[in-house]
Amino acid sequence: MEYNCFYQSPVGQLELVSDGQNLTQLLFSNQQQPTERVNKASLPIFKQARSWLDTYFKGERPQETVPVQPSGTAFQQYVWEELNQIEYGELTTYGDIAQRIAKKMNKDKMSAQAVGGAVGSNPISIIIPCHRVVGKNGSLTGYGGTLPNKIKLLEIENIDMTHLFTPKHTTKP
């Protein structure tokens, strides 16, 4: 059985999903779908997650941990473990993660695009910090929770974004 509750944040309404013991998803409003989940905000896991988020959105580094259980392939799990190594207020690139994973898997190299796909399928945004990953040239690449929300999260962490740039959208006349 899946349980959920909602959390109002500076990046909109977030849906927290749990198996009863662990947080299994943290979804932005654009990712939420109607489901048969049981709304049970009183679960201890939701209390822990809300406390973590309260601290985070105050602009502080949360010291407590939230038990998480993201569902994904072995490769995705490797990538998500790497995301958890990115320090609060720091950035890394898809290529850097690819190099670290290649080393762990005893491979010569790993595709940054494959890493990007795994980062993009992270089901527990913010707590597993996929927003701290940028393109090799400092570009703020796509983000499942929307690019404006990625920027807001980086601002909350006081990340210097002067060297980062947002891809420009052009239209043909």
Side-chain angles (χ1 to χ4, degrees), residues 1-62 64-73 76-77 79-84 86-92 94 97 113 115-135 139-159 161 164-169 171:
M1 176 167 286
E2 283 190 321
Y3 303 95
N4 74 344
C5 74
F6 294 91
Y7 179 89
Q8 289 300 323
S9 79
V11 291
Q13 178 178 269
L14 303 174
E15 181 181 12
L16 309 176
V17 181
S18 173
D19 59 11
Q21 301 288 55
N22 302 291
L23 194 66
T24 58
Q25 294 180 64
L26 191 156
L27 305 169
F28 287 91
S29 59
N30 66 306
Q31 299 168 319
Q32 297 167 20
Q33 302 289 324
T35 64
E36 296 292 323
R37 296 180 181 129
V38 176
N39 189 293
K40 196 163 184 181
S42 63
L43 283 176
I45 184 64
F46 291 144
K47 182 178 179 186
Q48 287 177 281
R50 288 191 304 266
S51 175
W52 191 99
L53 291 165
D54 287 345
T55 301
Y56 178 84
F57 285 119
K58 286 180 192 170
E60 301 169 9
R61 180 184 180 162
E64 65 270 21
T65 58
V66 177
V68 296
Q69 188 66 50
S71 180
T73 67
Q76 289 170 328
Q77 297 288 341
V79 172
W80 301 335
E81 287 172 21
E82 284 298 317
L83 294 178
N84 278 322
I86 308 169
E87 293 292 328
Y88 179 94
E90 299 293 324
L91 296 175
T92 194
Y94 297 98
I97 293 172
Q113 289 81 8
V115 167
V119 169
S121 59
N122 170 19
I124 307 176
S125 296
I126 305 173
I127 293 176
I128 298 178
C130 51
H131 60 280
R132 297 179 188 151
V133 183
V134 297
S139 61
L140 293 175
T141 58
Y143 184 64
T146 75
L147 203 50
N149 283 340
K150 181 173 185 164
I151 292 167
K152 179 70 174 167
L153 295 172
L154 297 177
E155 289 172 345
I156 287 168
E157 294 186 31
N158 291 314
I159 292 175
M161 291 188 288
L164 303 178
F165 68 92
T166 304
K168 294 183 177 162
H169 299 282
T171 56

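These numbers were taken from a predicted model, which means no experiment stands behind them.
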Plane angle bin for Y56 and H131 - parallel if under 30°, tilted between 30 and 60°, otherwise perpendicular: perpendicular
Counting only heavy atoms from other residues, nucleotides and ligands, does the tally under 6.0 Å from CD of Q21 exceed 12? no
Taking 4.0 angstrom as the limit, do R132 and E87 come out as a salt bridge? no
Any chance you could lay out the side chain to side chain contact (heavy atoms under 4.5 Å, CB included) test for L140 and L147, step after step, and finish with the verdict? CA-CA 8 Å; L140 293 175; L147 203 50; 3.9 Å; yes
Indicate the atoms forming the closest heavy-atom contact of I159 with G89, along with that distance. CG1-O, 3.5 Å
How about V68 and N22: do any of their side-chain heavy atoms sit closer than 4.5 Å? no
Could you tell me whether a side-chain N or O of R50 sits under 3.5 Å from a main-chain N or O of I45, the two making a donor and an acceptor? no
Pair I151, Y143 - check side chain to side chain contact (heavy atoms under 4.5 Å, CB included), show working. CA-CA 10 Å; I151 292 167; Y143 184 64; over 6 Å; no
Steps toward ring-ring contact (aromatic ring centres under 6.0 Å, His included) verdict (F6, F46): CA-CA 9 Å; F6 294 91; F46 291 144; 9.6 Å; no
At what distance, to the nearest 0.5 angstrom, does CG of D19 lie from CD of Q69? 7.0 Å
Using the rule side-chain contact (heavy atoms from CB on, under 4.5 Å), only one of I97, V115, I127 pairs with L83; which is it? I97
I would like to know whether V66 and L53 meet side chain to side chain contact (heavy atoms under 4.5 Å, CB included); could you show each step before the answer? CA-CA 10 Å; V66 177; L53 291 165; over 6 Å; no
Between atom OG of S9 and atom CG of L14, what is the distance when rounded to the nearest 0.5 Å? 4.0 Å
List the steps, then state whether side chain to side chain contact (heavy atoms under 4.5 Å, CB included) holds for E157 with L154. CA-CA 5 Å; E157 294 186 31; L154 297 177; 5.6 Å; no
Value rounded to 0.5 Å, distance of CH2 in W52 from OG1 in T65: 11.0 Å
According to side chain to side chain donor-acceptor pair (under 3.5 Å), who are the partners of R37, at least two apart in sequence or on a separate chain? E2, E15
So which atom in C130 and which in V119 form the shortest heavy-atom distance, rounded to 0.1 Å? CB-CG1, 3.6 Å
Distance from L23 atom CG to L16 atom CG, nearest 0.5 Å? 6.0 Å
All heavy atoms of E90 vs all of I86, minimum pair found to be O-CG2, 3.6 Å
What's the shortest heavy-atom distance between N84 and P129, and which atoms? OD1-CD, 3.7 Å
Holding to ring-ring contact (aromatic ring centres under 6.0 Å, His included), I want the full list of residues that pass it with W80, two or more places apart in sequence or in another chain. none
Considering only heavy atoms from C-beta outward, does the side chain of L26 approach that of V17 to under 4.5 Å? no
With distance as the sole criterion, is a donor-acceptor pair present between the side chains of S51 and D54 under 3.5 Å? no
Within-4.5 Å side-chain heavy-atom neighbours: K40 and L43: yes
Would a distance-only check, ignoring hydrogens and angles, find a side-chain to backbone donor-acceptor pair under 3.5 Å from N39 to Y3? no
Where do P62 and T55 come nearest, in terms of heavy atoms and distance? CA-CG2, 3.7 Å
Do F57 and I126 make a side-chain contact, defined as non-hydrogen atoms from C-beta onward lying under 4.5 Å apart? yes
Q76 side chain to A118 main-chain N or O, any donor-acceptor pair under 3.5 Å? no
Taking every heavy atom of G145 against every heavy atom of F28, the minimum-distance pair comes out as CA-CD1, 3.3 Å
Measuring from S125:OG to Q25:CD, what's the distance to the nearest 0.5 Å? 10.0 Å
Is any side-chain heavy atom of P70 closer than 4.5 Å to a side-chain heavy atom of I128? yes
